[in-house]
Amino acid sequence: MQTKYIFVTGGVMSGLGKGVTTSSIAKLLQLADQKVSCVKIDPYLNYDAGTMNPIAHGEVFVTEDGGECDMDIGNYERFLNQDIPKSHNITTAQVYSSVIEAERKGEYLGVCVQIIPHVTDEIKKRIRKIAEDEKLDFLIVECGGTVGDIESLPFLEALRQMRIEEGTQGVIFVHVTLAPSLDVVGEQKTKPTQHSVQELRRIGIQPDFLAVRCTLPLEERTKKKIGMFTNVAVSDVLSCHDAKSIFEVPQILYDQGIMDSMFTKFGKVGMVNASANWDKWNVIANNMINHEDQKVKIAMVGKYVTLADSYVSVNHALKHAGAQIEKSVDIDWIDSESITDYNTLSKYDGILVPGGFGTRGSEGIIQTANYAREKNIPYLGICFGFQLAAIAFGRNVLNLEDANSSEIKADAKNPVVDLLPEQKNISDMGGSLRLGANQITIKANTNAQKIYNATTISKRHRHRYEINKEYIPEFEKNGLIFSAESDGGKRMEMLEIPSHKFYLGVQFHPEFNSRPGFPEESFMAFLKAASEK
Ligand code: GLN
């Protein structure tokens, strides 16, 4: 069996939804009973997304195997309801590191090492290895950036070569572009698409499909014009118009015949009948959209709230849980650095504090965690939100003067959150956090046990600091319980206040395990509590 490849490139500008197009095509193939996965190429020089600011680049998505990945990997996982390993996020830095390492080992002895063929070979090797190791029917590879960028050229060149090597029935190209309308009734403009395809063809790639972003459905005459100028069959110019939800996109593409056309191009005759799969998916997709009349209001108080994508998985996880209880979730992002009047939080049904790093904005989070506790407002604190909830309790209930995290104040009198001794000498910033899935043990007769209905769970992590165990007896004497732990009791994983309506902190990141139709348990419990009047 030979894996078929679909390469998704982008034109005109970033932010057109290449990730959603990639995920939707993958979903359609999965619904047709094909074994699929996705790869994201990021042509930047960071080794991974871990060292990038979420405000600039969106959330860092953590995989089961501890990859700090581009947030598109999260889209793939959610659409496919399938774990994606970190090897599926390929960056320029990883490719060049391998090539340079091989050069130093003498693997290219006597040869001048070049972008073509050595870098392009390394890119192709990585893509093919994933296809072979995972025995995939289809691998969809999304190339980050926009055609014309210098950074992505070696990747596009590698993809071009693969088309020759695998044959035309082995590889197809989908190019995502834009057809803007200058006003609501205005004509859909095709020139940006024409130019972007010209740029792609200049480097030797003729797209098979165009996925054209537009506000209203692409008109037939626009499709014809685009088809003529880009050498793409009119029926393969696909309208990707605005939808109520990203979960409608697979259906939008399907209705335009993408599957028949794609299978024909791949030499696979006839569609696979997958109506049962479609029925199940439609229930999930529709349920994600249809609850506008019933709202739960959630305040998300954090540091990186100026870009919606900074906490994209948390937003999705809230919506998955909302759909399950047939409610739509209204999320207000509140900047913890500028909040002054905490009473403004009283109008929310629940308060969520997501992950974060560093000093800036941390005081506002500590006060928020304290406000939620005092006012009996359902609270879910994730990672930083867990650590700072403990600090808030330390300061306000245990009267521990200067309770803090040594991340925030190195010489705090009461480092309620601190580094473990073995972590004190780590100097590298990249990849040195505690990353990926770890086993967690839940204590009996706790809310945590009720929420997960289990005594052990496995959850993904991304943190460096830990609850300082010295303070635990004092906490537990005063009504805050650490209800889960890991590493034989070395690390605390969950906290709760049994007397509170709902007060839960988790050291792990539950948002990365939430999928449409399969909400994560702590989000479910939080939203249920928030929607109880
Ligand atoms: N900054 C904290 C730590 O490193 C929390 C990290 C997070 O919220 N992801 O432990």
Side-chain angles (χ1 to χ4, degrees), residues 49-62 68-69 71 74 298-318 331-339 342 345 350-373 379-395 403-410 412 415-419 423 429-430 432-435 459-468 491-495 503-512 522-523 526:
T51 50
M52 275 187 284
N53 188 329
I55 289 183
H57 200 79
E59 153 189 289
V60 177
F61 185 84
V62 181
E68 295 179 287
C69 293
M71 61 176 206
I298 301 297
M300 215 158 105
V301 185
K303 292 188 59 166
Y304 315 114
V305 290
T306 49
L307 181 78
D309 279 348
S310 311
Y311 294 117
V312 60
S313 292
V314 177
N315 296 336
H316 279 294
L318 281 169
I331 306 166
D332 278 350
W333 295 292
I334 296 166
D335 185 352
S336 61
E337 213 181 350
S338 54
I339 180 169
Y342 292 90
L345 296 172
I351 297 173
L352 190 152
V353 173
F357 291 85
T359 309
R360 191 174 53 77
S362 56
E363 282 303 314
I365 295 177
I366 294 169
Q367 306 269 3
T368 299
N370 194 50
Y371 184 86
R373 183 184 58 78
Y379 176 87
L380 177 61
I382 297 174
C383 206
F384 210 37
F386 157 84
Q387 296 173 355
L388 298 191
I391 290 165
F393 196 89
R395 285 190 195 172
N404 219 324
S405 162
S406 46
E407 176 183 10
I408 297 166
K409 193 162 188 265
V416 168
V417 177
D418 200 3
L419 287 175
Q423 290 160 325
M429 291 299 270
S432 64
L433 298 170
R434 179 183 184 223
L435 291 167
K459 293 285 167 186
R460 302 180 196 182
H461 294 82
R462 182 172 186 251
H463 67 113
R464 200 184 306 277
Y465 292 83
E466 308 283 346
I467 296 293
N468 184 340
R491 307 170 200 263
M492 293 302 113
E493 293 279 358
M494 295 176 83
L495 66 75
Y503 202 90
L504 185 73
V506 293
Q507 180 61 80
F508 51 87
H509 285 274
E511 68 271 29
F512 298 135
S522 61
F523 279 88
F526 170 60

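Small disclaimer: the values here were computed from a predicted structure and weren't measured.
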Closest non-hydrogen atom pair, [X] against [Y]:
{"X": "Gly364", "Y": "Ile339", "answer": "CA-CG2, 4.4 Å"}
{"X": "Ala49", "Y": "Val60", "answer": "O-CG2, 3.4 Å"}
{"X": "Pro510", "Y": "Ile382", "answer": "CD-CG2, 4.0 Å"}
{"X": "Ile391", "Y": "Ala403", "answer": "CG2-O, 3.4 Å"}
{"X": "Phe523", "Y": "Leu352", "answer": "CE2-CD1, 3.8 Å"}
{"X": "Pro354", "Y": "Val314", "answer": "CB-CG2, 4.4 Å"}

(message) What verdict does the ring-ring contact (aromatic ring centres under 6.0 Å, His included) test give for Phe384 and Phe357, after you've listed the backbone C-alpha separation in whole Å, the side-chain angles of each residue and the deciding distance to 0.1 Å?
(response) CA-CA 7 Å; Phe384 210 37; Phe357 291 85; 7.1 Å; no
How long is the span from the [atom1] atom in [X] to the [atom2] atom in [Y], to the nearest 0.5 Å?
{"X": "Asp332", "Y": "Ile298", "atom1": "CG", "atom2": "CD1", "answer": "10.0 Å"}
{"X": "Asn404", "Y": "Ser362", "atom1": "CG", "atom2": "OG", "answer": "6.5 Å"}
{"X": "Glu466", "Y": "Met492", "atom1": "CD", "atom2": "CE", "answer": "9.0 Å"}
{"X": "His461", "Y": "Gln507", "atom1": "NE2", "atom2": "CD", "answer": "6.5 Å"}
{"X": "Ile334", "Y": "Ile351", "atom1": "CD1", "atom2": "CD1", "answer": "8.0 Å"}
{"X": "Arg491", "Y": "Ile467", "atom1": "CZ", "atom2": "CD1", "answer": "12.5 Å"}

(message) Between Val62 and His509, is the side chain to side chain contact (heavy atoms under 4.5 Å, CB included) condition met? List the steps.
(response) CA-CA 9 Å; Val62 181; His509 285 274; 5.7 Å; no
Ignoring hydrogens and angles, tell me if any N or O in the side chain of [X] forms a donor-acceptor pair with the backbone of [Y] under 3.5 Å.
{"X": "Ser313", "Y": "Phe512", "value": "no"}
{"X": "Asn468", "Y": "Asp418", "value": "no"}
{"X": "Tyr379", "Y": "Thr368", "value": "no"}

(message) Can you confirm whether Leu433 sits close enough to Glu68 that some side-chain heavy atom of one is under 4.5 Å from a side-chain heavy atom of the other?
(response) yes
(request) Indicate yes or no: at least one non-hydrogen side-chain atom of Met300 is less than 4.5 angstrom from one of Asn315. (result) yes
(request) Decide yes or no on side chain to side chain contact (heavy atoms under 4.5 Å, CB included) for Phe508 and Met494, but give the supporting numbers first. (result) CA-CA 8 Å; Phe508 51 87; Met494 295 176 83; 3.7 Å; yes
(message) For Val353 and Leu388: C-alpha separation, side-chain torsions, deciding distance, then whether side chain to side chain contact (heavy atoms under 4.5 Å, CB included) applies.
(response) CA-CA 9 Å; Val353 173; Leu388 298 191; 5.8 Å; no
(request) On the 0 to 90° scale, with breaks at 30° and 60°, tag the Tyr371-Tyr342 ring pair as parallel, tilted or perpendicular. (result) tilted
(message) Between Gln387 and Ser405, is there a side-chain donor-acceptor contact under 3.5 Å, judged purely by atom types and distance?
(response) no
(request) In plain terms, say whether Glu511 and Arg462 are close enough for a salt bridge, that is, a side-chain N and a carboxylate O under 4.0 Å apart. (result) no
